[in-house]
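Just below is one structure, and these are the notes that go with it.
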Amino acid sequence: MSGTATLFDTDAPGHSATVEVLGVIFCAEDDGYAVLEVQDAESGEGFALVGPVAHLGVGDRAEVSGEWQTHARYGRQLRAQGALPLDPADRAGRIAYLTTLRHIGPARAERLVDEHGEGVLGAIAADPRAVFGSLRGVSVSQAEAATESWHASRAIRDLHVQLAPHGLAHLAAPIHARFADRSMAILHEDPYRLTEVDGVGFARADKIALAADVPPESSRRAQAAAAYALAEAEQQGNSYLPLSELTMRAAKLLGLNPDPEVLSEGRGLTVEGDRVYRELTHASEVAVAATLGARAAEPPHLDHDPGPTPPRDAEDTELTDEQWSAVRGAFTSRISVLTGGPGVGKTACTRAIVEEAEEAGLRIALCAPTGRAARRLEEATGHDAQTIHRMLEWMPGREPAFRPGHPLPVDLAIVDESSMLNLRLIEVLLGGLAESTHVVFVGDADQLPPIGAGKPFEDLIASEIAPVVRLTQIFRQAARSMITTAAHEINQGRPPHLEPTEDQDHDFFFIDRASPERALEAVVEVVAERAPARFEVDPIRDVQVLAPMYRGAVGIDALNERLQERLNPGGKRAVGERFRVGDRLIQTRNSHELGLMNGSIVFLRADDPDEEEILVDTDEGESLTIPYGETATLRLAYAISVHKAQGCEVPVVVGICHRSHARMLTRPLLYTAITRARSSCVLIGDRAALEGAIRRDDSGRRYSGLAERLRA
């Protein structure tokens, strides 16, 4: 370790020092990059430390190495090549470190330091269970939890040492969270498994493997690339890849041309003709095809027929014959489908199915993939509705309470927003319903396909193994909305008309802003000023900005930064510097422990740094306490992606349709964005981007073998 002279000798090729972190200037949420304000432990001089150092926090000590550089705005910086956390050197630091352990608060940490002095960390390392158990008031179970927390902390530091030479020290904590005490063995014996951790792509794992002398031409490396390419393809919606495309994708990862036969022989892969699947995905596709095919072929189980014609009532609000055929299909077929765009009466059909089932004394279950969609279904029908996970009492990673051999005791199940079902979700859903249960899949087949592998709703319709009713008639009341007519025009490949007809409400708008800067300003103005004034809505709770991309001048990240500053400038800082009290947030991963699903919107109401927890209001009107440790999957949600908005409905949608997002803009994406609006929709961008999106009807192209299996 060098002293002051070496650290600040800019002619030296590299520099190292022990530093203390004074503050966090910037911290990226995805790649470990951070800008820290640090102080040299020997000289006391301060400077900025930049690079993959997001694993360090205020008060941490670390041994850093790197190269000096000069930034045009921030001046002299040390660009870190490595940053190894060190144990704290003073009493305050040791107390702060010990309080990060479970059940060891400030008072207990002080007692430990008073009793063991400067050697407290060594004493704990020698026998953590005995040291923690000797504290007054600490139970056996609490001492055990503190011991586990201690071992995890030290294991993460060991991982830091191993990962630092590869610039991956910031991934030590998530790697340990995924693999626990197997982390070090996996790091050395099977580094390609690190790709199972968010933030570790093939390139990073490959860097570690090659450093561990894995030959570049080895079959092991090629097969790891194939497995990663398939996993990546599934995230893009594919159930499989043709061998030729898999070979091409693997070649890009490897930097050389692999042998296709070697790729297809990889562990955990299944080859079926020219198709290569991951084993679990292949099993899911086969199981779903078998279940749907068998049930669709069986005669109806329910002894109830609503009759050939819809009932007539005095108010002339009866269903059309087209709608009634969907109602009948729910009772005369074990599997049936109801689809159609906005304003065509899907909700009226669903309500009629529920009423018929209730009159017949049948047991009914209503569900949807998201909480927001389930709540809308419940409001529309007056019958209880739940998420699929809650209905089946299913927490991923565990077996559902209702599953094959122990099905949910219902006669009829209605699944709303079925276009959001991926292969795995429909497999678990069907497994939790009895063979005798009639299942009605309701959804809009023209919306974006689901997140995850497969497109079962689309494939079920295409297979023609079950009755499908596609509603097309737009009802007069719905036609008054420009949103409805614009959505149908876009779906038909035509630019929407932007001025209302004589009998229409003006609830759809297009603001032409060609430059990204002007588009961004327009979004902020519409959300903060024009929408609240014209539509009498709360700009934080009732307006949702939707965009196709995260990066760029009018991307989700830039929009959230500007909208937070405009809508919530005085909010108290929360969770360190990440959020402000009053912010609109979105959950980006399923968290069944918290009861928050991917896509759930919450509003940050309070922050308690002493207890290290926040209080949020959910979009379902409930209050929820979230520990700091569970907030990593929360993001600002003034602006979100269109995919994240699937299944929801908000009063006002502000959609980005700008040329800078052209490669992501498609007809299904634009259609989905517009149909999220309940009362008003404002598109901001330029006409060329709008027309280009309408021409691109390619969002649903994904490799799936389900329709073919169903036909067979």
Side-chain angles (χ1 to χ4, degrees), residues 341-343 370 372-373 375-376 417 419-420 444 446-448 478 480-491 496-498 500 504-513 519-520 522-550 554-556 559-560 562-563 566-567 584 586 599-601 603 619 636-658 661 664-686 689-690 693-694:
T370 69
R372 286 175 290 181
R375 188 172 70 251
R376 285 195 294 116
E417 295 288 356
S419 64
M420 296 180 67
D444 187 341
D446 296 312
Q447 285 190 23
L448 285 171
R480 287 185 56 85
S481 168
M482 287 182 68
I483 295 172
T484 300
T485 54
H488 283 275
E489 287 165 340
I490 288 170
N491 199 33
H497 68 275
L498 302 177
Q504 276 192 313
D505 298 325
H506 198 173
D507 55 10
F508 178 76
F509 306 83
F510 185 86
I511 299 176
D512 201 331
R513 295 290 184 271
L520 178 60
V523 172
V524 175
E525 180 186 356
V526 167
V527 174
E529 299 176 20
R530 294 167 67 173
R534 176 159 186 158
F535 308 126
E536 298 182 350
V537 292
D538 181 329
I540 294 180
R541 289 184 173 264
D542 300 327
V543 182
Q544 181 65 71
V545 179
L546 301 179
M549 297 174 62
Y550 283 86
V554 280
I556 293 167
L559 288 163
N560 272 319
R562 286 291 302 276
L563 288 167
R566 182 62 183 275
L567 299 176
R584 178 188 184 102
I586 186 170
S600 296
I601 297 292
F603 302 92
D619 61 352
L636 288 176
Y638 299 101
I640 62 174
S641 70
V642 181
H643 282 90
K644 292 291 187 189
Q646 283 182 273
C648 81
E649 188 178 85
V650 292
V652 180
V653 163
V654 178
I656 309 301
C657 187
H658 193 269
H661 295 172
M664 293 292 293
L665 284 168
T666 64
R667 187 190 303 173
L669 185 137
L670 190 59
Y671 173 81
T672 302
I674 289 172
T675 54
R676 301 308 89 207
R678 184 187 311 139
S679 304
S680 302
C681 178
V682 182
L683 293 185
I684 297 174
D686 56 276
L690 176 64
I694 293 168

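What you are looking at is a predicted structure, and each value in this text was computed from that prediction instead of being measured.
With sequence neighbours left out, Thr485 forms a side chain to side chain donor-acceptor pair (under 3.5 Å) with Gln504. By the side chain to side chain donor-acceptor pair (under 3.5 Å) test, Asn491 pairs with Asp446, sequence neighbours left out. Looking at residues two or more places apart in sequence or on another chain, you find a side chain to side chain donor-acceptor pair (under 3.5 Å) between Gln544 and Arg584. Legend: residues meeting salt bridge (charged side-chain N to carboxylate O under 4.0 Å, His left out) with Glu529, ordered by chain and number and at least two apart, are Arg566. Legend: residues meeting salt bridge (charged side-chain N to carboxylate O under 4.0 Å, His left out) with Arg513, ordered by chain and number and at least two apart, are absent. In terms of the ring-ring contact (aromatic ring centres under 6.0 Å, His included) criterion, residue partners of Phe509 (sequence neighbours excluded) are, by chain and number, His506. For Asp542, the salt bridge (charged side-chain N to carboxylate O under 4.0 Å, His left out) test picks out no residue, with sequence neighbours left out. For Asp444, there are no salt bridge (charged side-chain N to carboxylate O under 4.0 Å, His left out) partners two or more places apart in sequence or in a different chain.
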Legend entry - Leu546 and Ile640: CA distance, side-chain angles, deciding distance, side chain to side chain contact (heavy atoms under 4.5 Å, CB included) verdict: CA-CA 5 Å; Leu546 301 179; Ile640 62 174; 3.6 Å; yes
Inset, instruction - Please lay out, stage by stage, how Gln447 and Met420 fare under the test side chain to side chain contact (heavy atoms under 4.5 Å, CB included). - result: CA-CA 9 Å; Gln447 285 190 23; Met420 296 180 67; 5.7 Å; no
Inset, instruction - Take His661 and Ile656, measure what side chain to side chain contact (heavy atoms under 4.5 Å, CB included) needs, and give me the verdict at the end. - result: CA-CA 8 Å; His661 295 172; Ile656 309 301; 3.8 Å; yes
Inset, instruction - Decide side chain to side chain contact (heavy atoms under 4.5 Å, CB included) for Leu520 and Arg562; before the verdict, give the C-alpha distance in whole Å, the side-chain angles of both, and the deciding distance to 0.1 Å. - result: CA-CA 8 Å; Leu520 178 60; Arg562 286 291 302 276; 3.4 Å; yes
Tabulate below the donor-acceptor pairs under 3.5 Å that side-chain atoms of residues 530-539 make, not counting sequence neighbours, or state none.
from   : atom 1 : to     : atom 2 : distance (Å)
Asp538 : OD1    : Ile540 : N      : 2.8
Asp538 : OD1    : Arg541 : N      : 3.4

Could you pull out all donor-acceptor pairs under 3.5 Å where a side-chain atom in residues 672-683 meets a protein atom, sequence neighbours excluded?
from   : atom 1 : to     : atom 2 : distance (Å)
Thr672 : OG1    : Leu448 : N      : 3.0
Thr672 : OG1    : Pro668 : O      : 2.7
Thr675 : OG1    : Tyr671 : O      : 2.9
Thr675 : OG1    : Thr672 : O      : 3.0
Arg676 : NE     : Thr672 : O      : 3.0
Arg676 : NH1    : Cys648 : O      : 2.9
Arg678 : NE     : Glu649 : OE1    : 3.2
Arg678 : NH2    : Glu649 : O      : 3.2

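Gly343 and Ala478 make their closest contact through CA-CB, 3.4 Å (heavy atoms, listed as atom of the first residue, atom of the second, distance). Here the closest heavy-atom approach between residue Gly685 and residue Phe510 is recorded as C-CZ, 3.9 Å.
Within the 4.5 Å cutoff, the side chain of Val543 has no heavy atoms near those of the Val650 side chain. For the pair Val527 and Leu563, the minimum side-chain heavy-atom distance is below 4.5 Å. A heavy-atom distance below 4.5 Å is not found between the side chains of Ile556 and Met549. Side-chain atoms of His658 and Asp686, non-hydrogen and from C-beta on, do get closer than 4.5 Å to each other. Contact annotation: the side chain of Val545 never approaches that of Tyr638 to less than 4.5 Å [non-hydrogen atoms, C-beta and beyond]. Inter-residue side-chain proximity for Ile684 and Val526 is flagged as met; some heavy-atom pair is nearer than 4.5 Å.
The backbone N or O of Ala639 lies less than 3.5 Å from a partner atom in the side chain of Asn560, making a donor-acceptor pair. Remark: side-chain polar atoms of His488 are paired, donor with acceptor, to backbone N or O of Pro342 under 3.5 angstrom.
How far CG of Leu690 is from CG of Leu665: 9.0 Å, rounded to the nearest 0.5 Å.
When only modelled atom types and interatomic distance are considered, Asp507 and Ser481 share a side-chain donor-acceptor pair under 3.5 Å.
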